[in-house]
Amino acid sequence: MNIHPNSLEAYYLLHNGTLALARAENNGIRVDVQYLENKIFHLTRKIDRLDRKFKESKFYKDWEKSQEKEPNPNSSIQLSTFLYDEKKIKPPKTTATGRGSTDKDTLADLNIPELNYVLDMRKLKKIRDTYLEGFLKEQVDGWIHPFFNLHLVTTYRSSSDRPNFQNIPKRDKEAMKITRGALYPRKGHQLLEVDYGALEVRIAACYHKDPVMLKYIETGHDMHADMMEQIFFLKYDRSKPDHNRLRSAAKNGFVFPEFYGDYYKNCATYLAKDWGKLPLGKWKSGQGVPVGDDFLSDHLMANGISNIFAFEKHLKVIEQDFWGRRFKRYARWQERWWRQYQKEGYVDLYTGFRCQGLLSRNDATNYPIQGAAFHCLLWSFIELDKLIQRKGWKSRIIGQIHDAIIFDAHPDELDELVKETVRITCDELPKTWDWINVPLSVDFEICDVDASWAEKKELVLT
DNA sequence: GGAACTCGCCAC
DNA sequence: AAACGTGGCGAGTTCC
């Protein structure tokens, strides 16, 4: 099917998407209210304890003397004023408005032990106030009904609110356990999650058709391992934990930022500091994360890189190779796409939508990818919803997170639900939209019957 | 007493 | 030449 900009097909995608999402909203998610109240009580006790300890410190006493009103550890303005105006510390980083920053990384840089109390309190408050209190506020008789919006996002992605179902903690294990530990399936059911693998990378490839990228996708060859080898002068060994950490660093600190339009200087800083645990000046022996029997500083120095500037230069060369040789066709597509926008004033998505208005170069190349990737998810969501209706199943769809669908599944229907999901997401979708010229794949995660969302584990298909 | 803003931080 | 894309939301703050 060929979809034209602002087409009827595009309209129906949102129309049917709205109806399917409304059914998921209506289905809702079970929350354990007693658990929420207990956790909030215990987190409050922990936060109070940290607050008391912080207030006993010399740092706080000095802060108290420096201003009229009682210092509030949660006020970034008060903290910024005290650190950078009163104590005359040079801000390691500033905010968008030019004020000295007090975010997590910046405070860690300052090396003031008492500030750890502030950081610990912030983390627990985030969990308590945004998530647990948010669920409690929105729940009715032990059910929440998050909304999914199709009309708010510039790129034609979705958003979610009241409460936001799309930003519940996952990476931080403690925050994940506490927040997702409140969310349950229906009695006798189990939560099931299906994720598209590398969806945006694959959809990007449908636009630029870069032969090197297509080969990576078709063969399953590990692009991030290749970049890890190039950045860190190593032969990737998947059995080594330190190699896998550096592979993640290459993936999240270089490959994805470059795809989104970032450049080597930011990548160098981020890789060295956040992933490598290296200082931003000159390096000494024994610094950074372990690499084999060595440390990252020793390993890089052995390869002629002994400070952040040399590392930047190294990444500059890698970036030139990345866009000038490896993904040359991808780079040319970005250039073409940007010129198209400059000439016509819009970019079109393959799914029949048009992005207009003032766009930056990065916007013009990112929006069509982000939007069309979400539309793949939405199409699958609609079809799965129809299928469940048709079959009269007890299983329900309860939500969606950009490239993932969350089911509240009945165990008797699980096998068929998984089978049908693979069919719709990976086989039917590319048959419907012939611009999808790459294979698609999905992964499943599952919780036991009656277990909370915190108990999620990988589902291996046989 | 509410609107609008900044900042920080969670997700993809 | 320029320099990371999209959201929601709580707390603190300022303005009206």
Side-chain angles (χ1 to χ4, degrees), chain A residues 69 71-81 93-107 118-119 121-135 137-138 146-172 174-176 178-180 193 195-201 203-204 252-270 315-316 319 323 334-335 338 342 355 359-371 373-374 377 399-404 406:
Chain A
K69 60 179 173 186
N72 181 346
N74 305 310
S75 164
S76 43
I77 296 181
Q78 291 180 31
L79 184 55
S80 179
T81 306
K93 205 174 86 180
T94 54
T95 68
T97 57
R99 204 197 305 270
S101 172
T102 59
D103 69 14
K104 181 151 61 82
D105 290 343
T106 311
L107 292 192
V118 175
L119 292 178
M121 274 191 279
R122 257 191 214 169
K123 192 187 140 182
L124 298 181
K125 274 168 171 288
K126 175 86 178 171
I127 296 171
R128 183 189 64 179
D129 300 338
T130 300
Y131 297 105
L132 303 187
E133 290 283 10
F135 296 159
K137 192 173 78 188
E138 296 295 343
F147 289 82
F148 296 97
N149 313 297
L150 293 179
H151 62 297
L152 297 176
V153 181
T154 319
T155 60
Y156 297 102
R157 253 197 188 181
S158 66
S159 69
S160 169
D161 56 19
R162 293 176 289 165
N164 184 347
F165 185 65
Q166 297 178 321
N167 72 345
I168 301 170
K170 181 174 187 175
R171 294 173 196 131
D172 182 298
E174 187 193 8
M176 186 280 279
I178 296 174
T179 53
R180 296 187 180 221
E193 198 171 327
D195 283 64
Y196 271 112
L199 186 59
E200 285 194 12
V201 170
I203 296 310
N252 297 310
F254 183 80
V255 177
F256 284 144
E258 287 281 346
F259 284 166
Y260 282 132
D262 206 356
Y263 80 127
Y264 69 93
K265 275 197 187 190
N266 289 340
C267 295
T269 308
Y270 185 61
L315 282 182
K316 185 177 179 179
E319 182 183 81
W323 290 115
Q334 290 181 326
E335 191 53 40
W338 172 230
Q342 287 178 309
C355 293
L359 304 185
S360 71
R361 185 194 161 112
N362 286 341
D363 294 340
T365 52
N366 284 330
Y367 287 8
I369 296 169
Q370 202 176 86
F374 170 68
L377 189 283
Q400 157 272 125
I401 314 177
H402 307 302
D403 65 356
I406 293 83

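To find a chain, count down the sequence lines: A is the first, B the second, and so on, and within it residues start at 1.
- DNA chain C is contacted by both Ile77(A) and Glu258(A); Glu258(A) maps to the nucleotide lying nearer its 5′ end (nearest heavy atom per residue).
- Ile369(A) places its CD1 atom 16 Å from the P atom of dC4(C), with the value rounded to the nearest Å.
- Look at OH on Tyr367(A): it is 7 Å from P on dG7(C), rounded to the nearest Å.
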Restricting both atoms to N or O, compile the protein contacts to nucleotides 9-12 of chain B shorter than 3.5 Å, with distance only.
from, atom 1, to, atom 2, distance (Å)
dC9(B), OP1, Arg122(A), NH1, 3.2
dC9(B), OP2, Lys104(A), N, 3.4
dC9(B), O2, Lys126(A), NZ, 2.9
dC10(B), O4', Tyr131(A), OH, 3.3
dC10(B), O2, Asn167(A), ND2, 2.8
dA11(B), OP1, Lys170(A), N, 2.6
dA11(B), OP1, Arg171(A), N, 3.0
dA11(B), OP2, Arg171(A), NH1, 3.4
dC12(B), OP1, Lys170(A), NZ, 3.1
dC12(B), OP2, Arg171(A), NH2, 3.0
dC12(B), O3', Asp403(A), OD1, 2.9
dC12(B), O3', Asp403(A), OD2, 3.4
dC12(B), O2, Arg157(A), NH1, 2.9
dC12(B), O2, Arg157(A), NH2, 3.1

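- Dashed line: the shortest gap from a side-chain N or O of Thr95(A) to OP1 or OP2 of dT6(B) is not under 4.0 Å.
- A cation-pi contact, defined as under 6.0 Å to the ring centre and within 45° of the axis, is absent between Arg157(A) and Phe374(A).
- The side chain of Thr154(A) lies closest to dT6(C) when the candidates are dT6(C), dG12(C), dG10(C).
- In the set dC9(C), dT13(C), dA11(C), the nucleotide with an atom closest to the side chain of Arg162(A) is dC9(C).
- For Gln78(A), taking side-chain heavy atoms from C-beta onward, the closest of the listed nucleotides dG12(C), dT6(C), dC7(B) is dG12(C).
- The phosphate of dC4(C) has neither OP1 nor OP2 within less than 4.0 Å of any side-chain N or O from Tyr263(A).
- Nucleotide dA3(C) holds its P atom 11 Å from the CG atom of Asp363(A), rounded to whole Å.
- For the pair Ser158(A) and dG7(C), the criterion of a side-chain N or O lying under 4.0 Å from OP1 or OP2 is not met.
- One finds no side-chain N or O of Arg361(A) lying less than 4.0 angstrom from the OP1 or OP2 phosphate oxygen of dA3(C).
- Contact between the side-chain N/O atoms of Ser360(A) and the OP1/OP2 oxygens of dA2(C) is not found at any separation under 4.0 Å.
- Of the candidates dT6(C), dA11(C), dG10(C), dG10(C) carries the atom nearest the Lys137(A) side chain, counting heavy atoms from C-beta on.
- For Pro257(A), whose side chain is taken as the heavy atoms from C-beta onward, the closest listed nucleotide among dG8(C), dC4(C), dT13(C) is dC4(C).
- Taking atom OH on Tyr264(A) and atom P on dA3(C), their separation rounds to 14 Å, with Å as the unit.
- Between dG8(C) and Ser159(A), a contact under 4.0 Å exists linking OP1 or OP2 to a side-chain N or O.
- Between the CG atom of Asn72(A) and the P atom of dG10(C) there is a distance of 17 Å, rounded to whole Å.
- Between Arg128(A) atom CZ and dG8(B) atom C1' there is a gap of 16 Å when expressed in whole angstrom units.
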